[in-house]
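Data block below; observations after.
Hydrogens, waters and symmetry mates are skipped; everything else that's a heavy atom, side chains included, is used. Since the model is a prediction, treat every value here as computed from it, not as a measurement.
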Amino acid sequence: MNSFDWLSHLGIPQVDNFDIVEVKFKGGRKEYFRNVDYVSLNTGDPVVVDVPSGHHIGYVSLQGELVRLQMQKRKIRNDDNITRIYRLANEKDIEKWEEAKNREIPTLYRCKQIVDELGLQMKMSDVEYQADNSKATFYYSAEDRVDFRELIKILAGEFKIRVEMRQISLRQEAGRLGGIGVCGRELCCSTWLVDFKNVTTSAARYQNLSLNPSKLSGQCGRLKCCLNYELDTYMEAIKDIPSIDRPLQTEQGPAKLQKTDIFRKLMWFSYNNDNDWHSITCERVKEIQDLNEKGVNVFNLQVDKADELEDLAAQSTRELELLDKKFAKKKKKKKKRTKDFKPGEAEQKTNSNPSAAPKPNRVKDESSPAERARPARADFQEKNPSANPQPNRENRRKKKPRNRPNPNQKPSTNSQGAEPKNPPSQSGDNSQENKKRKFPPRRNQNPNKGSNE
């Protein structure tokens, strides 16, 4: 309930200063008192003020010309009914006030027990003791009128104090208790809001809010006060939005209103309650409504006739062609491709370095392993004719095929350290089949030894 003094930097003379001061009490309650003795006061100072049944202590919340404006806002007259400020509170006054405040919570619990025993339909929310410990004010909320005369007699006889019962609304109760709202800030009713205006569900309808009580109600159980803050802005924006009493008639079917964006002036429609929504402006909606009143059904929500739709399609096609031309001008990066294997280059490399064997290019070939290995052996024999002479046809026939060793299997050696030879094949192939069969070279073949080894 703090107010910012936006006139403090103007340097208003103290002689012309307004003599009424705003004092704040427990629960955000504010009252006005006259500074008759012109005591030097600052915001937040504890002062002893005059009340009808004794004296009370509060804190200065506002002074100066802003107090005059607040009194005009609350319609409080500047007359003799405004009581005076005695003095600044000293330590003795504050100690006595603290003792009185310590009695509030036990008194509240005992009062609730008495209310339950009497069966009264009322809810006790708070108790406030005066600083002189001579009076206690009980705040309660109820739906109907409550006869609490018996309750007052019991409380006065038990606590030996003067009792005052004051009924408050649920909004005032939430303001006295305080709390944090869903917005993450302190409640408006406990910080700055003084007048509680009536809030209706029509305010939520104008703002296109879902009528969910759990989301629209505040901590007091009533509709949130903030629903009225932006209501005037929505009422001004709604004036330009047409009212939809019946669906819009089109050749594709009736279009029903699904959603309205008030500030962007957009309205969403769907054909035959489909899931696909189409947004159009409010001006377009008015045009369709005028045509429907004349008995004319438009082609769809965007265009009036089918010819216009073809023109829009052609225009979009031209735009796509322009985009294709724009991006087609950019040069594409060429990928580096591996060159094919050339036997002439391999010969030059082997002549310069005879110990280095040529590395054939790994090109995918669909031929058999034996056919792929034959040219490599022929090239090697052309380079070194004396190393491995070609055996004659008869030796080739007599030569028995050997199985290729498995690279994953370790070779077993005999007593002489030489690899064992594969057993001869038992198939009795004739000479014509041996001519067609081609065997790959052995892996561990040494070019310096003969082929018969």
Exercise. Can R84 and D37 be counted as an ion pair, charged N to O under 4.0 angstrom?
Worked result: yes

Seminar exercise, completed: What one should report as the nearest heavy-atom pair of L211 and L216 is CA-CD1, 3.9 Å

For this session: Measure the shortest side-chain to side-chain distance between Q249 and P254 over non-hydrogen atoms and say whether it is less than 4.5 angstrom.
Result: yes

Seminar exercise, completed: Taking every heavy atom of D50 against every heavy atom of F33, the minimum-distance pair comes out as O-CE2, 3.4 Å

Exercise. Do Y129 and K101 come close enough that some side-chain heavy atom pair is under 4.5 Å?
Worked result: no

For this session: Check the pair Y206, I262 against side-chain contact (heavy atoms from CB on, under 4.5 Å), reporting the backbone distance first and the verdict last.
Result: CA-CA 10 Å; Y206 286 130; I262 298 175; over 6 Å; no

Exercise. Do R284 and D304 meet the salt-bridge criterion of a basic N to acidic O distance under 4.0 Å?
Worked result: yes

Exercise. Checking salt bridge (charged side-chain N to carboxylate O under 4.0 Å, His left out) for the pair D93/R87: CA distance, chi angles, key distance, verdict?
Worked result: CA-CA 11 Å; D93 297 332; R87 64 185 185 276; 2.8 Å; yes

Seminar exercise, completed: Rounded to the nearest 0.5 Å, the CG atom of D232 sits from the CE atom of M235 at a distance of 8.5 Å

For this session: May I ask you to check whether F148 and Y140 place their ring centres under 6.0 Å from each other?
Result: yes

Exercise. Is any side-chain heavy atom of I114 less than 4.5 Å from a side-chain heavy atom of L151?
Worked result: yes

Problem set entry | Salt-bridge criterion met for E283 and K286 (N-O under 4.0 Å) | no

For this session: Decide if the gap between the ring center of F263 and the ring center of Y234 is smaller than 6.0 angstrom.
Result: yes

Problem set entry | T191-E186 side chain donor-acceptor pair, cut-off 3.5 Å | no

For this session: Can you see which heavy atom on C282 is nearest to which on I241, and at what distance?
Result: SG-CG1, 4.1 Å

Exercise. So do K30 and V23 actually touch side chain to side chain, heavy atoms under 4.5 Å?
Worked result: no

For this session: Measure the CG-CG distance between N228 and N198 for me, rounded to the nearest 0.5 Å.
Result: 8.0 Å

Exercise. Looking at V146, I152, D147, which one forms a side-chain contact (heavy atoms from CB on, under 4.5 Å) with R149?
Worked result: D147

Problem set entry | F269 versus V285, closest heavy-atom pair with distance | CE1-CG2, 3.7 Å

For this session: State, to 0.1 Å, how close D132 and S53 come at their nearest heavy-atom pair, and which atoms those are.
Result: OD2-O, 3.7 Å

Exercise. Taking the side chain as C-beta and beyond, is there a heavy-atom pair between P242 and Q289 under 4.5 Å?
Worked result: yes

Problem set entry | From CA spacing to verdict: side-chain contact (heavy atoms from CB on, under 4.5 Å), Y86, V49 | CA-CA 6 Å; Y86 286 133; V49 297; 6.0 Å; no

Exercise. Got a second to check how far H55's NE2 is from T83's OG1, nearest 0.5 Å?
Worked result: 13.0 Å

Exercise. Are E65 and R68 ion-paired here, with the side-chain N under 4.0 Å from a carboxylate O?
Worked result: yes

Exercise. What is the minimum heavy-atom distance between V21 and L62, and which atoms define it?
Worked result: CG1-O, 3.5 Å

Exercise. Once you round to the nearest 0.5 Å, how far does OH of Y32 lie from CG of N78?
Worked result: 12.0 Å

Exercise. Quick one: are N133 and E99 in side-chain contact, heavy atoms under 4.5 Å?
Worked result: no

Problem set entry | Results of salt bridge (Lys or Arg N to Asp or Glu O under 4.0 Å) for K135 - residues two or more places apart only | E164

Problem set entry | Rounded distance (nearest 0.5 Å) linking atom SG of C225 with atom CG of L187 | 9.5 Å

For this session: Spell out, as yes or no, whether a donor-acceptor pair under 3.5 Å connects the side chain of D45 to the backbone of Y59.
Result: no

Compile the donor-acceptor pairs under 3.5 Å between side chains in residues 118-128 and protein atoms, sequence neighbours left out, one pair per line.
residue: K123; atom: NZ; partner: E173; partner atom: OE2; Å: 3.2
residue: S125; atom: OG; partner: Y139; partner atom: O; Å: 3.1
residue: D126; atom: OD1; partner: K26; partner atom: NZ; Å: 3.2
residue: D126; atom: OD2; partner: R176; partner atom: NH2; Å: 2.9
residue: E128; atom: OE1; partner: Y139; partner atom: OH; Å: 3.2
residue: E128; atom: OE2; partner: R29; partner atom: NH2; Å: 3.0
residue: E128; atom: OE2; partner: H56; partner atom: NE2; Å: 3.4

